[in-house]
Amino acid sequence: RARIEEMAEDYNFFHWHLEFPEVFGENGDGGFDVVLGNPPWERIKIKQSEYFARKAPKIAGASTASKRKEMIKELKEEGDPLYSEYQRAEHFSEALSTYLRESGRYDLTAVGDINTYQVFSGLVRQVIGAEGRAGVIVPSGIATDYYTQDFFNAIVENRELVSLYDFENREQLFHGVHSSYKFSLLTLTGIGAPEYVIDFAFFLTQPEQLSEEERHFTLTREELYTINPNTGTCPTFRTKRDAEITKKLYSPAPVLINESKDKNPWGVSFFRMFNMADDSDLFYTEEELDEEGFELKGNRFKGDGETYLPLYEGKMFSAFESGVADVKVEDENVQRKGQTARLSVEELKDPSRISQPQFWVSEKEVEKSCGERSISSGFSSYKGVTSATNVRTMIAGRLPKSATNNNDPLIFSSENSVRESVLIASLNSFALYYALRNKINAPFIAYFYLKQLPVHPPGRYTPRLLEYIVPRVLELSYTAWDLVAFADDIWSEAASNVQSAIGIQWKNNAQATDGGHRGKTPPEWVEHSDQADEQFPHPPFMWDEERRRLLRAELDALYGHLYGLSHDELD
C-alpha cells in the first residue's frame, strides 16, 4: 500500500502489472478488498487531424485525408523535425496497442481502437478480492459499445456487475470534457450474488439525482438478452417507465437480426460504400469535372460515355426524403468545408430541383464497390451520425443510384421494393426511434444497434396494411424525378389493391395542391427503372408541408398500434 501511495502521482498499468503480480490471479485470489479510481480516458491510436491541430493547423485542416498524407510526406522531404516527432508518436502508439493485444492480460478489453479506460476496467476486475468491491469512473461505452460487449457480458454472466450509474457532463462535473460526453460509476464485486438483479440509472447530471427512485431501473440477465440478444450490452433508459415501455416493444416484434438464433426475417444486410478519408482520391469536385468537359445533368455529370454520380452525405437527405439540402463548399471553414444549404419550400416543390453534393464519383467505381448488389433503381439508406437527444434518432429513406459515404450505410433486403418501402416506414416510426434512443450511447448508429431493434417481420404485413402504408411512403418519398425508378418498381410489383390505393393517393395529393404536377413531363436526364415491368403512370407527388405532417402522424399512430402501445405509452 505504501508503494501504491508513492506511485499515486504518476501511476499507470505498467507499474501495477510489474509491481503487484501476486494480485493478478484470474479469480481475484489474494486481491484487494477495495479498488477505487478514475483511470485515464485516452485513445491509444494516433489521429492525424488531432495530432497536428496545434503543431501544424494547415495539415490538420486539409480537405481530404489523401491531401493530409501528401502534406505529411512533404514534411519528410523538407527535413522538418516535426515529421520525426510524428513518426515516434505513431510508432509508440502501434507498439503499445500490440503489447496490450498480445500480452494475454487484457483479452476482453484490449480490442478495437483501444482506449485506456477499457484496459483499466479489465485490470480492476482482475485485482478485486473474492469478497472485494471496485468502483471506477469510466466512459459509459463500457456497457453499451460494441468492442466492450465481451467484457460487459462476462461481468453480467459471472454476476459481478452490481450497478452502473451513467452521467452526462452537461453541468461540467468534469471541466475540460465536452458537455455531451457520457461517463459512468461502475461498481463490481469479486463474487457473484445468488439472486442477481442489476441496478441502473442513466442520463444523470448530478450525483444527488441518485437518490431519485424513478431514475433507477433494474434488469435481469434474461431481460437484458431479450432487448440485446446479439451483444448483451446495456440499454440506456432515462426512467423506470422507459424500461417498462421498451420491454413491451419487444413482445410483438423480434429484433431485426437475431445472430444467436440465426434469424433474419427481412434478409437484411448492410454495406458502406466509400470512406471519406481512405477513398478521397476517387472524389471529384464540380470544378474538376467542368475542366474535363463533363456536363451537369440533374445532379450527375456526363460526357464521353462516362457518368459521375453524386456522393450523397447524410446532411443531404432526411426521413423519407431523398434530397432536402445541397452541400456548399466554404474554404474558410478549416474543420468542415462542406456546409448544409437547406432547400427552400419552393425548391422542394419543384420536382426537377434535386440536391447537389460536394463531390462526384465515377459510376464505374460505384458499381465496382457494390459488386453483385443491384442499385440500378437506387437503394435504402440511413443517417449513421445521430444522437440520443435528437427528436428523431433514426432517419432512413430511399436514395437514387448514387455514391454514399461511410457515415450513411446502405440497407439491402431480400424483399421486393413494395415490402422494402414498409421497412423504411418501420425504421422511421416514432416507436422505433424510442427503442433506439434507449439503446444508443454513441454519435453513430453502428450495425449492432440496428440489428437489435424490434422490427415487425414481413409476414406481419397483411394486404390491408400494405394498402395503407405503401401509398403514404411513396408520397413522402417520391417528390422529385430522381426517384422515378423507385416509383416504377413499387408500381410494377404492387398487387392490384395497392396500385388502386396508390392511384387514389396521387389524386388526393393533386386535389390538395391545386393539381400537383399533373401533366408535367420529366426532364431529359430522367432514367426509368430497367427492372420494372410497368412504369408509374404519374409524375412525382407535390411537396406539401401540412400533408407530410399528417402522413407521418398517421404512420406513427399505426405503428403505435402494431406495437400494442396504449395512448399514454405512445404519448
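Computation of the quantities below employed the complete heavy-atom set of this structure, encompassing side-chain atoms and omitting hydrogens, waters and symmetry-equivalent molecules. Remember, predicted model here, so these are calculated numbers, not experimental data.
- Looking only at distances, a side-chain donor or acceptor of N230 sits under 3.5 Å from a matching main-chain atom of E259.
- Side-chain atoms of R552 and F430, non-hydrogen and from C-beta on, never get closer than 4.5 Å to each other.
- Within a 6.0 Å sphere centred on OH of Y181, other residues, nucleotides and ligands contribute more than 12 heavy atoms.
- Classified by interplanar angle (parallel below 30°, tilted 30° to 60°, perpendicular above 60°), the ring pair F448/Y146 is tilted.
- Side-chain contact check for P139 versus N115: every heavy-atom pair is 4.5 Å or farther apart.
- In the model, S184 has a side-chain atom that pairs as donor or acceptor with a side-chain atom of S140 under 3.5 Å.
- Cation-pi geometry between R170 and F203 is not satisfied (NZ or CZ under 6.0 Å from the ring centre, within 45° of the ring normal).
- Closest approach of P39 to V138, counting heavy atoms only: CG-CG1, 3.9 Å.
- Closest approach of F237 to A243, counting heavy atoms only: CD1-CB, 3.5 Å.
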Working note: Y250 + I227, criterion side chain to side chain contact (heavy atoms under 4.5 Å, CB included); need CA distance, chi angles, decisive distance, verdict. CA-CA 7 Å; Y250 282 83; I227 296 171; 4.0 Å; yes
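- Of all the heavy atoms in K261 and N258, the pair that sits closest is N-OD1, 3.1 Å.
- With rounding to the nearest 0.5 angstrom, the OG atom of S66 is 10.0 Å from the CG atom of D278.
- Applying the 6.0 Å contact sphere to OH of Y225 captures more than 12 heavy atoms from other residues, nucleotides or ligands.
- Going from atom CD of Q87 over to atom CD1 of I46 covers 11.0 Å, rounded to the nearest 0.5 Å.
- At a threshold of 4.5 Å between non-hydrogen side-chain atoms, the residues L185 and L164 do not count as touching.
- Counting only residues at least two apart or in different chains, salt bridge (charged side-chain N to carboxylate O under 4.0 Å, His left out) contacts with residues 178-187 comprise D166-K182.
- Taking 4.5 Å as the limit, some side-chain heavy atom of V255 sits within range of a side-chain heavy atom of P229.
- Contact check for F412 versus S380: no side-chain heavy atoms found under the 4.5 Å cut-off.
- With a 4.5 Å cut-off on side-chain heavy atoms, L570 and D568 do not count as touching.
- The aromatic rings of F270 and Y382 lie perpendicular to each other, with more than 60° between the two planes, well past the 30° mark.
- In summary, E569 and R241 do not engage in a salt bridge, as defined by a charged side-chain N under 4.0 Å from a carboxylate O.
- Classification of the F200-F202 ring pair by plane angle, with boundaries at 30° and 60°, yields parallel.
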What's the verdict on side chain to side chain donor-acceptor pair (under 3.5 Å) for Q358 and T285, showing C-alpha distance, side-chain angles and the deciding distance? CA-CA 6 Å; Q358 180 181 3; T285 65; over 6 Å; no
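- Taking all atoms of both residues into account, the shortest heavy-atom contact from L432 to Y563 is CD1-OH, 3.5 Å.
- The side-chain hydrogen bond (donor to acceptor under 3.5 Å, both in side chains) test applied to E171 returns T205, Q206, not counting sequence neighbours.
- For the pair S322 (side chain) and L399 (backbone), a donor-acceptor distance under 3.5 Å is absent.
- Side-chain contact check for V268 versus I411: some heavy-atom pair is nearer than 4.5 Å.
- Put simply, the side chain of N390 never gets that close to the backbone of T393: no donor and acceptor are under 3.5 Å apart.
- Between the side chain of T148 and the backbone N or O of D145, at least one donor-acceptor pair lies under 3.5 Å.
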Going through the distances and angles, do F174 and W41 end up as a ring-ring contact (aromatic ring centres under 6.0 Å, His included)? CA-CA 12 Å; F174 283 106; W41 316 341; 5.5 Å; yes
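- When all heavy atoms of M276 and N406 are compared, the pair lying nearest together is N-OD1, 2.9 Å.
- Identified under the salt bridge (charged side-chain N to carboxylate O under 4.0 Å, His left out) test for residues 429-446, with sequence neighbours left out: none.
- Under the 30°/60° scheme for interplanar angles, the aromatic rings of F183 and F167 are found to lie parallel.
- The CZ atom of F152 sits 9.0 Å away from atom OG1 of T231, with the distance rounded to the nearest 0.5 Å.
- Looking at K383, its side chain does come within 3.5 Å of a backbone N or O of F317 through a donor-acceptor pair.
- With hydrogens and angles ignored, the 3.5 Å screen pairs a side-chain donor or acceptor of R68 with a backbone N or O of A60.
- Listed by chain and residue number, nothing satisfies the side-chain hydrogen bond (donor to acceptor under 3.5 Å, both in side chains) test with T236 (two or more places apart in sequence, or in another chain).
- In this structure a side-chain-to-backbone donor-acceptor pair under 3.5 Å is missing from S93 to A89.
- Around CZ of R54, the count of heavy atoms belonging to other residues, nucleotides or ligands within 6.0 Å does not exceed 12.
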Derivation of the ring-ring contact (aromatic ring centres under 6.0 Å, His included) call for Y51 and Y86: CA-CA 8 Å; Y51 183 85; Y86 168 68; 5.3 Å; yes
Trace of the side chain to side chain contact (heavy atoms under 4.5 Å, CB included) decision for F151 with R125: CA-CA 10 Å; F151 173 80; R125 182 181 177 227; 3.8 Å; yes
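- Using a distance-only test at 3.5 Å, with no hydrogens or angles considered, no donor-acceptor pair links the side chain of H216 to the main chain of D199.
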Verify side chain to side chain donor-acceptor pair (under 3.5 Å) between N405 and Y312, making sure each step is shown before the conclusion. CA-CA 7 Å; N405 68 20; Y312 272 77; over 6 Å; no
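- The closest donor-acceptor contact from the side chain of D279 to the backbone of N275 lies under 3.5 Å.
- Closest non-hydrogen pair, S369 versus F271, comes out as O-CZ, 3.1 Å.
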Go through the steps for Y117 and E42 under the test side chain to side chain contact (heavy atoms under 4.5 Å, CB included), then give the verdict. CA-CA 7 Å; Y117 87 83; E42 297 291 342; over 6 Å; no
Determine, stepwise, if the pair V324 / M316 fulfils side chain to side chain contact (heavy atoms under 4.5 Å, CB included). CA-CA 6 Å; V324 294; M316 295 171 64; over 6 Å; no
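- No side-chain heavy atom of I198 sits less than 4.5 Å from a side-chain heavy atom of T220.
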For K55 and E85: C-alpha separation, side-chain torsions, deciding distance, then whether salt bridge (charged side-chain N to carboxylate O under 4.0 Å, His left out) applies. CA-CA 11 Å; K55 301 174 183 290; E85 183 183 327; 2.7 Å; yes
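- A donor-acceptor contact under 3.5 angstrom links the side chains of D242 and Y434, judged on distance only.
- For R392, the salt bridge (charged side-chain N to carboxylate O under 4.0 Å, His left out) partners at least two apart in sequence or on another chain are D556.
- For the salt bridge (charged side-chain N to carboxylate O under 4.0 Å, His left out) condition, the pairs that include at least one residue of residues 211-237, sequence neighbours left out, are E157-R221, E212-R215, E213-K240, E223-K247.
- At least one donor-acceptor pair under 3.5 Å links the side chain of N153 to the backbone N or O of Q149.
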